[in-house]
**Student:** 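Quick one: structure below, then a few questions.
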Amino acid sequence: MKKTLITGGAGYIGSHAAKALSALGREVVVVDSLVAGHRDFLKWGEFEEGDLGDPAFLKAVFSRHDIGEVLHFAAFIAVGESVAKPDMYYGNNVRNTLNLLDAMLEADVKRLVFSSTAAVYGEPVTEVIAEDHPLSPLSPYAWSKRMIEQMLADYGRAYGLNHVCLRYFNAAGADPDGEIGERHQPETHLIPLILHTALGLRDNITLFGTDYPTPDGTCLRDYIHVTDLASAHVKALEYLESGGASRAFNLGNGNGFSVREIVDVARAVTGCAIPVVESDRRPGDSPALVSSAQAAHEILEWQPQFGDINEIVRTAWNWHQNDMAHLK
Ligand code: NAD
Ligand code: UDP
């Protein structure tokens, strides 16, 4: 049986995918430089430590293992940082993805599932975003993902590279068994930062922008549980293996929660006060990103299991309480 290569499998979402694939008896090889990943997240499959910026390393990995397909998570991921340092983002996300694609083609590996993002849509022109919504990225991070989607389309046409772009809305929550969870350093995401505040590691949570054209002035986001993202990767692989055509799928729950609402959910889940401080907008943020994931439901037969925002925050809270040692 051929192996599934997971780039970025020592990170937050990639490690959950490694767990999901291994649970189904698939053989997994994780490639990660540990630039942002964690050795203690490497609980499933084999590990090849190295950087996608190193074509010789990639070539060696593809010759050492009989790879059938690739799940490509490895990237830099912070919107704000990408605005300040676009070279980092185009370099690691775009250029290093080209290295990966070329290594795949050389090894005759023709199936790829790519971690894209709702940020490729930019400012929404419809209340709910389907895959045919115009693409209008607002940050170098989002542009890097948009460019990779274009590269994949071109490689698909020219070289028969079959691919699925999974446009995640906001990944959140943690493994319900508590084995892995969200640990970004520095952390920039809303839910973990709120929970760090609940744990007393921060004094307050900053609300980035309270003057958006939304019901309470703060941004709306569609939070999707990381275990549900992992199961979507399994579905996407099965789709490609059964000859499905290359395309993009949104992954979200279809419900928009404001930043203030998420703070309220976290207060209820943790029982902590969680002080807030209002601040200016963060550059590159879209006012609202809410998915229609109908295509993933109908074509991939994917159904999220953790649709309740309280449950999403509860699994994250469980993880962060146990992960205190790494947070200090
Ligand atoms: P993460 O930072 O936890 O994981 C990324 C992993 O990639 C890390 O382990 C890092 O060490 C590795 N990596 C980065 N560059 C590398 C390189 N050049 N060579 C080898 N390894 C490298 O991030 P995450 O939150 O798990 O995100 C995974 C993917 O999902 C990313 O592509 C991200 O853009 C995408 N995404 C994430 C979210 C979210 O809410 N977290 C939303 C939409 C899309
Ligand atoms: N946000 C915030 N304070 C923070 C971090 C995030 O108000 O400390 C807001 C951010 O502006 C966005 C939402 O929370 O509207 C979700 O941000 P996050 O960084 O978690 O994910 P993104 O939507 O950027 O992928």
Side-chain angles (χ1 to χ4, degrees), residues 6-17 30-39 41-42 48-54 57-58 61 71-80 82 88-89 91-93 95-97 99-100 114-120 138-139 141-142 144-145 148 165-173 180-194 196-197 202 204-210 212 214 218-224 226 229-230 233 251-252 256-263 276-289:
I6 304 185
T7 76
Y12 171 43
I13 308 171
S15 60
H16 286 78
V30 168
V31 162
D32 202 298
S33 63
L34 300 180
V35 62
H38 310 287
R39 222 171 261 286
F41 285 12
L42 292 165
E48 292 277 5
E49 184 171 350
D51 199 295
L52 299 187
D54 179 353
F57 162 72
L58 284 175
V61 168
L71 303 184
H72 179 33
F73 295 90
F76 290 145
I77 66 160
V79 170
S82 80
M88 259 179 81
Y89 279 71
N92 195 31
N93 298 4
R95 186 173 54 219
N96 290 343
T97 296
N99 291 342
L100 173 69
F114 170 59
S115 301
S116 190
T117 168
V120 294
L138 296 173
S139 68
Y141 166 71
S144 74
K145 296 289 180 172
I148 294 166
C165 297
L166 294 177
R167 294 178 183 154
Y168 316 157
F169 282 64
N170 286 61
I180 40 178
E182 188 164 13
R183 193 195 298 148
H184 294 123
Q185 282 159 342
E187 188 53 76
T188 61
H189 291 120
L190 180 67
I191 292 176
L193 288 176
I194 289 174
H196 295 181
T197 311
R202 297 168 57 95
N204 50 58
I205 182 77
T206 308
L207 307 185
F208 291 143
T210 54
Y212 283 101
T214 59
T218 63
C219 293
L220 299 179
R221 291 291 183 274
D222 180 350
Y223 295 88
I224 177 76
V226 63
L229 292 180
H233 284 77
L251 298 177
F257 291 95
S258 74
V259 176
R260 290 190 203 277
E261 284 175 320
I262 295 297
V263 173
V276 301
V277 171
E278 298 191 2
S279 161
D280 292 342
R281 294 181 179 196
R282 184 174 67 174
D285 274 342
S286 174
L289 290 170

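Just so you know, ligand 1 is whichever comes first in the structure, and atom 1 is the first atom listed for that ligand.
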**Student:** How long is the straight-line distance from OG of S115 back to CD1 of I13, given to the nearest 0.5 Å?
**Tutor:** 6.5 Å

**Student:** Mind checking ring-ring contact (aromatic ring centres under 6.0 Å, His included) for F257 and listing every partner two or more places apart, or none if nothing turns up?
**Tutor:** none

**Student:** In terms of side-chain geometry, is the basic nitrogen of E278 or R260 positioned less than 4.0 Å from the acidic oxygen of its partner?
**Tutor:** yes

**Student:** Taking only residues two or more places apart in sequence, or in another chain, which ones meet D32 in a side-chain hydrogen bond (donor to acceptor under 3.5 Å, both in side chains)?
**Tutor:** none

**Student:** Measure from every N or O atom of ligand 1 to the protein's N or O atoms and keep only the pairs below 3.5 Å, writing each with atom names and distance to 0.1 Å.
**Tutor:**
{"unit_1": "ligand 1", "atom_1": "3 (O)", "unit_2": "Y12", "atom_2": "N", "d": "2.9"}
{"unit_1": "ligand 1", "atom_1": "3 (O)", "unit_2": "H184", "atom_2": "NE2", "d": "3.1"}
{"unit_1": "ligand 1", "atom_1": "9 (O)", "unit_2": "G11", "atom_2": "N", "d": "3.2"}
{"unit_1": "ligand 1", "atom_1": "9 (O)", "unit_2": "D32", "atom_2": "OD1", "d": "3.2"}
{"unit_1": "ligand 1", "atom_1": "9 (O)", "unit_2": "D32", "atom_2": "OD2", "d": "2.6"}
{"unit_1": "ligand 1", "atom_1": "9 (O)", "unit_2": "G37", "atom_2": "N", "d": "3.3"}
{"unit_1": "ligand 1", "atom_1": "11 (O)", "unit_2": "D32", "atom_2": "OD1", "d": "2.6"}
{"unit_1": "ligand 1", "atom_1": "11 (O)", "unit_2": "V35", "atom_2": "N", "d": "3.2"}
{"unit_1": "ligand 1", "atom_1": "11 (O)", "unit_2": "A36", "atom_2": "N", "d": "2.9"}
{"unit_1": "ligand 1", "atom_1": "11 (O)", "unit_2": "G37", "atom_2": "N", "d": "3.0"}
{"unit_1": "ligand 1", "atom_1": "15 (N)", "unit_2": "N92", "atom_2": "ND2", "d": "2.9"}
{"unit_1": "ligand 1", "atom_1": "18 (N)", "unit_2": "D51", "atom_2": "OD1", "d": "2.9"}
{"unit_1": "ligand 1", "atom_1": "18 (N)", "unit_2": "N92", "atom_2": "OD1", "d": "2.7"}
{"unit_1": "ligand 1", "atom_1": "19 (N)", "unit_2": "L52", "atom_2": "N", "d": "3.0"}
{"unit_1": "ligand 1", "atom_1": "21 (N)", "unit_2": "S33", "atom_2": "N", "d": "3.1"}
{"unit_1": "ligand 1", "atom_1": "21 (N)", "unit_2": "S33", "atom_2": "OG", "d": "3.4"}
{"unit_1": "ligand 1", "atom_1": "25 (O)", "unit_2": "H184", "atom_2": "NE2", "d": "3.0"}
{"unit_1": "ligand 1", "atom_1": "26 (O)", "unit_2": "Y12", "atom_2": "N", "d": "3.2"}
{"unit_1": "ligand 1", "atom_1": "26 (O)", "unit_2": "I13", "atom_2": "N", "d": "2.8"}
{"unit_1": "ligand 1", "atom_1": "32 (O)", "unit_2": "F73", "atom_2": "O", "d": "2.7"}
{"unit_1": "ligand 1", "atom_1": "32 (O)", "unit_2": "K145", "atom_2": "NZ", "d": "2.7"}
{"unit_1": "ligand 1", "atom_1": "34 (O)", "unit_2": "Y141", "atom_2": "OH", "d": "2.6"}
{"unit_1": "ligand 1", "atom_1": "34 (O)", "unit_2": "K145", "atom_2": "NZ", "d": "3.0"}
{"unit_1": "ligand 1", "atom_1": "40 (O)", "unit_2": "A171", "atom_2": "N", "d": "3.2"}

**Student:** Using a strict cut-off of under 4.0 Å between a residue heavy atom and any atom of ligand 2, list the qualifying protein residues by chain and number.
**Tutor:** N170, T188, H189, L190, L193, I205, T206, L207, F208, C219, R221, Y223, V259, R282, D285

**Student:** Under a 4.0 Å N-O cut-off, is there an ion pair linking R39 with E49?
**Tutor:** yes

**Student:** Cation over ring, R281 on Y212, under 6.0 Å and within 45°?
**Tutor:** yes

**Student:** Which atoms form the tightest heavy-atom contact between A74 and T7, and what is the distance?
**Tutor:** N-OG1, 3.1 Å

**Student:** Please tell me whether H233 and F73 form a close aromatic pair, meaning their ring centres lie under 6.0 Å apart.
**Tutor:** yes

**Student:** Is there a donor-acceptor contact under 3.5 Å from the side chain of S116 to the main chain of R167?
**Tutor:** no

